[in-house]
Amino acid sequence: MMSTLALLRPVARAALRHAARPSLVCARSFSASCSRNFPPSDGGLTNILSGGDAPAVQVKTITPNGIQLADGLVLPSACIFLNGKVFLWNVPEKTWDDWKTKHFEIFETVVPKPEILLLGTGERAEMVPPHLRQYLSNAGIQVDVMNTRNACSTYNLLAEEGRRVAAALLPLTPRRWQDAPPS
């Protein structure tokens with residue numbers, strides 16, 4: 001038995017010496033990875049997405065008063081985030097009452113179209129009527145319906161990843177945009 005163990009050691013050493021030599025046929029195994037030392041950040045985590053340009057529109061918070069953007073602007077009523085811009089969105093106060101396809105026509109004219117539309121329906125997620133969902137599907141846009149808080153945070157994440165995402169957001173408390181009085 002001692003002779004078998006004695007033989008294994010030289011064979012193992014030879015295999016290690018052979019593996020250490022460069023070979024054109026041998027490739028790195030899938031489990032191999034290089035380790036990098038990143039400078040420590042807050043909490044020991046590193047944002048791998050940092051270093052690029054921040055998305056043009058980011059939501060800081062949402063309150064009953066409206067949606068506050070990262071630059072401090074508060075949008076008190078419905079809005080659409082599309083291609084790094086914010087559009088005021090004049091929609092009926094009551095969710096889905098009197099809603100028509102005309103309320104989503106902006107998505108027909110924009111190029112490139114968003115690959116996904118996050119539809120924030122206020123305090124609670126409310127299902128989109130089939131005719132509106134079909135209209136957006138025919139336009140080639142995937143729709144995800146959620147409450148406005150979740151739509152805002154999902155929008156921030158997907159926009160930061162560089163995805164072609166749009167958000168159509170209703171406020172937590174339904175209200176219409178006030179038209180400016182004539183001058």
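Atom set for the values below is all heavy atoms of this structure, side chains included, hydrogens, waters and symmetry mates excluded. These numbers come from a predicted model, not from an experiment.
For Arg133, there are no side chain to side chain donor-acceptor pair (under 3.5 Å) partners at least two apart in sequence or on another chain. Applying the side chain to side chain contact (heavy atoms under 4.5 Å, CB included) rule to Ser137 yields no partners; only residues at least two apart in sequence or on another chain are considered. Every side chain to side chain contact (heavy atoms under 4.5 Å, CB included) that Asp144 has, sequence neighbours left out, goes to Ile116, Leu118, Gln142, Met146. A search for side chain to side chain donor-acceptor pair (under 3.5 Å) contacts involving Gln134 returns Asn138, not counting sequence neighbours.
Lys113 contributes no side-chain N or O that, together with a main-chain N or O of Gly140, makes up a donor-acceptor pair within less than 3.5 Å. Listed for the Thr148 side chain is no donor-acceptor partner under 3.5 Å among the backbone atoms of Leu172. Panel note: side chain Asn156, backbone Val59; a donor-acceptor pair is recorded below 3.5 Å. In this structure, the side chain of Arg149 engages the main chain of Ile62 through a donor-acceptor pair within 3.5 Å. Without hydrogens or angle criteria, Ser153 side chain to Asn150 main chain gives a donor-acceptor distance under 3.5 Å.
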Is there a side-chain contact (heavy atoms from CB on, under 4.5 Å) between Glu160 and Gln58 once you walk through the steps?
-> CA-CA 9 Å; Glu160 192 169 312; Gln58 288 277 281; 4.1 Å; yes
Donor-acceptor list for residues 69-79 side chains, cut-off 3.5 Å, not counting sequence neighbours:
residue: Asp71; atom: OD1; partner: Leu73; partner atom: N; Å: 3.1
residue: Ser77; atom: OG; partner: Arg175; partner atom: O; Å: 2.5

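Between the CZ atom of Arg164 and the CG atom of Leu158 there is a distance of 12.5 Å, given to the nearest 0.5 Å. We find the OG1-CD distance between Thr95 and Glu126 to be 4.5 Å, quoted to the nearest 0.5 Å.
Other residues sharing a hydrophobic cluster with Phe87 under the 4.5 Å side-chain heavy-atom criterion for ILVMFWY residues are Ile80, Leu82, Trp89, Val91, Trp96, Trp99, Phe104, Ile106, Phe107, Val110, Leu117, Leu119, Val128, Leu132, Tyr135, Leu136, Ile141, Val143, Val145, Leu170.
Taking both residues in full, the closest heavy atoms of Ala151 and Gly120 are given as CB-CA, 3.7 Å, listed atom of the first, atom of the second, then distance. For Tyr155 against Ala167, the heavy-atom pair with the smallest separation is CD1-CB, 3.8 Å.
Between His103 and Pro92 the shortest side-chain heavy-atom distance falls below 4.5 Å.
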